[in-house]
**Student:** 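Here you go, one structure.
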Amino acid sequence: MRLRLFITVMGVLCLAGGGQASIIFRPGEKVKYVAPGEEEISGNAQQLYDKAQEAEKQGNMGRAIKAYTQLLKKHPKDALAPGATYRAAQLLEFEGDYMKAAMTYRWLVERYPSSPNFDEAIEAQFRVGEMYLSGKKIKLLGIPIATSLDRAVEIFAEIVRTAPFGRYTARAQFDIGLARQKQQANDAAIQAYQAVIDKFPNEPIAADAQYQIGYIWFEAARLGTNDQAATTNARTGFEDFLYKYPKNEKAATARENLKRLDQKSTGDAFKIAKFYDKQKQYRAAVIYYNEVIREQPGSNASGEAKQRIEQIRKKVGESALQPALAANDQKKKRVASREEESRGRPAMRGGDAEVAPLPPPDQDTALPPPASLLPPTTTAPEPSPSPTAESSPAAESSPTPESSVPPDSAASPAP
């Protein structure tokens, strides 16, 4: 047991000597090992600042960072705090602890916006953000564990928030879009690029943002997406770019991309037309053949599409190629025409062939009723009514039965 304790103590002493670490002894507490630069530093603002300066002269950057950090935590309102914060961030960046450096620069910008190092702190954040944007990995114990595009976005977003009119703000907003594009989060990338155009229209980077919007949609269309909107949006993005920035260095590339989009769109329309043609869905086939003609007039594909449309017309007739909506409209027009004509002439009993009005029914009440209506008796029939009954109001007011047009003649027109 004593041997094991002796070995443990000797090991701690060796480690302490090799790394210049500290072993802290306190009454009533266990022995505490503190890594170099992590030992507790106390004092007022001036004392901490002096300790940090002395540690820098000795090359002990860890201790200097610790002293500066203690100063800004314990004495944040002291006049030395802004300078200590900036110097701590610089040393963290020099030591390669980039995320802590960025956070310390952000602390300076947020807590001490009137600091003479404000612009330098923004520039330093941007520098660290670009480092992560370019592919630098986050490390744990010196081992790369992941890419840090999300951290880059975080840094750039803080620049946009804390310095909305700064020198690097437009570029930081653009880099947010670039990071999201690298992550293939295209919706977020387009949103970030559009923010550059909307908020910084006079900055040179706005032209690049407009081009990138078109390029994102161009890539989506080029990679074979079935969404036709990708081609349309890509064309719109490049056309807007050429309209706003016709002399930009990327204008020639944008025009070439537009030609490729036209060729792809024509090829896609021709493939779809042939598919419907093979399925004998001729109306749909003609629609896409016409799309080919519209997009590439005078091309070989356009000539082939015209020839095939003529062949289909001869085969199925023009009426079979009319859209269903147009056919319904024509049918409704024929029904309306029949109804309009029927209002200007007497009601008919039969179809359209019966053009004469029906004769009025026989009003001679002096005649006996038909034989089938005689009462079941063998007596003589009732005497004929008197002439006064013929002119009675009841006889005059009995209307003639109205004739009606049969439903077939009006409700369902001839096909």
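The first residue of the sequence shown is numbered 1, and numbering continues consecutively from there. These numbers come from a predicted model, not from an experiment.
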**Student:** Got a second to check how far I176's CD1 is from L149's CG, nearest 0.5 Å?
**Tutor:** 12.5 Å

**Student:** Would Q184 and E219 count as a side chain to side chain contact (heavy atoms under 4.5 Å, CB included) if you check the C-alpha gap in whole Å, the side-chain angles of each, and the deciding distance to 0.1 Å?
**Tutor:** CA-CA 11 Å; Q184 297 183 350; E219 283 293 289; over 6 Å; no

**Student:** In terms of side-chain geometry, is the basic nitrogen of E93 or R127 positioned less than 4.0 Å from the acidic oxygen of its partner?
**Tutor:** yes

**Student:** Can you tell me if CD on E256 sees more than 12 non-hydrogen neighbours from other groups inside 6.0 Å?
**Tutor:** yes

**Student:** Run the side chain to side chain contact (heavy atoms under 4.5 Å, CB included) check on L258 and L242 step by step: do they pass?
**Tutor:** CA-CA 10 Å; L258 282 173; L242 291 172; 3.7 Å; yes

**Student:** With rounding to the nearest 0.5 angstrom, report the CD1 to CD distance, I65 to E95.
**Tutor:** 5.5 Å

**Student:** Evaluate the criterion side chain to side chain contact (heavy atoms under 4.5 Å, CB included) for residue pair F118 and V109; output intermediate values, then yes/no.
**Tutor:** CA-CA 6 Å; F118 181 92; V109 169; 3.3 Å; yes

**Student:** Is a salt bridge present between R180 and D150, judged by a nitrogen-to-oxygen distance below 4.0 Å?
**Tutor:** yes

**Student:** For P76 and A81, which heavy atoms make the closest approach, and how far apart are they?
**Tutor:** O-CB, 3.5 Å

**Student:** Does M131 CE have over 12 foreign heavy atoms under 6.0 Å away?
**Tutor:** yes

**Student:** CD1 of I155 to CG of L133: how many Å apart, nearest 0.5 Å?
**Tutor:** 10.0 Å

**Student:** Should D208 and K250 count as an ion pair when the cut-off is N to O under 4.0 Å?
**Tutor:** yes

**Student:** Grab the two heavy atoms, one from A254 and one from F238, that are nearest each other, plus how far apart they are.
**Tutor:** CB-CD2, 4.0 Å

**Student:** Roughly how far, to the nearest 0.5 Å, is CD1 of I197 from NZ of K244?
**Tutor:** 5.5 Å

**Student:** For D240 and Q210: C-alpha separation, side-chain torsions, deciding distance, then whether side chain to side chain contact (heavy atoms under 4.5 Å, CB included) applies.
**Tutor:** CA-CA 8 Å; D240 288 347; Q210 182 64 67; 3.8 Å; yes

**Student:** Are Q125 and E158 close enough that a side-chain donor and a side-chain acceptor fall under 3.5 Å?
**Tutor:** no

**Student:** Would you say K199 has more than 12 foreign heavy atoms packed within less than 6.0 Å of its NZ?
**Tutor:** no

**Student:** Whether the E56 and Y68 side chains hold a donor-acceptor pair (N or O, under 3.5 Å, no angle test) is what I'd like checked.
**Tutor:** yes

**Student:** Is R167 atom CZ crowded by more than 12 heavy atoms from other residues, nucleotides or ligands, each under 6.0 Å away?
**Tutor:** no

**Student:** Within the distance-only criterion (no hydrogens, no angle test), does the side chain of Q47 pair as donor or acceptor with the backbone N or O of N44 below 3.5 angstrom?
**Tutor:** yes

**Student:** Shortest non-hydrogen contact from A64 to L91?
**Tutor:** CB-CD1, 3.9 Å

**Student:** Mind checking the CD1-CG spacing from I159 to D175? Nearest 0.5 Å is all I need.
**Tutor:** 8.5 Å

**Student:** Which heavy atom in A67 sits nearest to a heavy atom in L48, and how many Å separate them?
**Tutor:** CB-O, 3.6 Å

**Student:** Measuring only between side-chain heavy atoms, which start at C-beta, is H75 closer than 4.5 Å to L80?
**Tutor:** no

**Student:** Restricting to non-hydrogen atoms, name the atom on P164 and the atom on T162 that form the minimum distance, rounded to 0.1 Å.
**Tutor:** CD-C, 3.5 Å

**Student:** What distance separates R87 CZ from L71 CG, expressed to the nearest 0.5 Å?
**Tutor:** 14.5 Å

**Student:** Give me the atom names and distance for the closest heavy-atom approach of V196 to A170.
**Tutor:** CG2-O, 4.2 Å

**Student:** Check each of F126, Y211, Y193, Y168 against F174 using the ring pair (Phe, Tyr, Trp, His ring centres under 6.0 Å) test, and report the only one that passes.
**Tutor:** Y193

**Student:** Can you tell me if Y86 and Q90 form a side-chain donor-acceptor pair at under 3.5 Å?
**Tutor:** yes

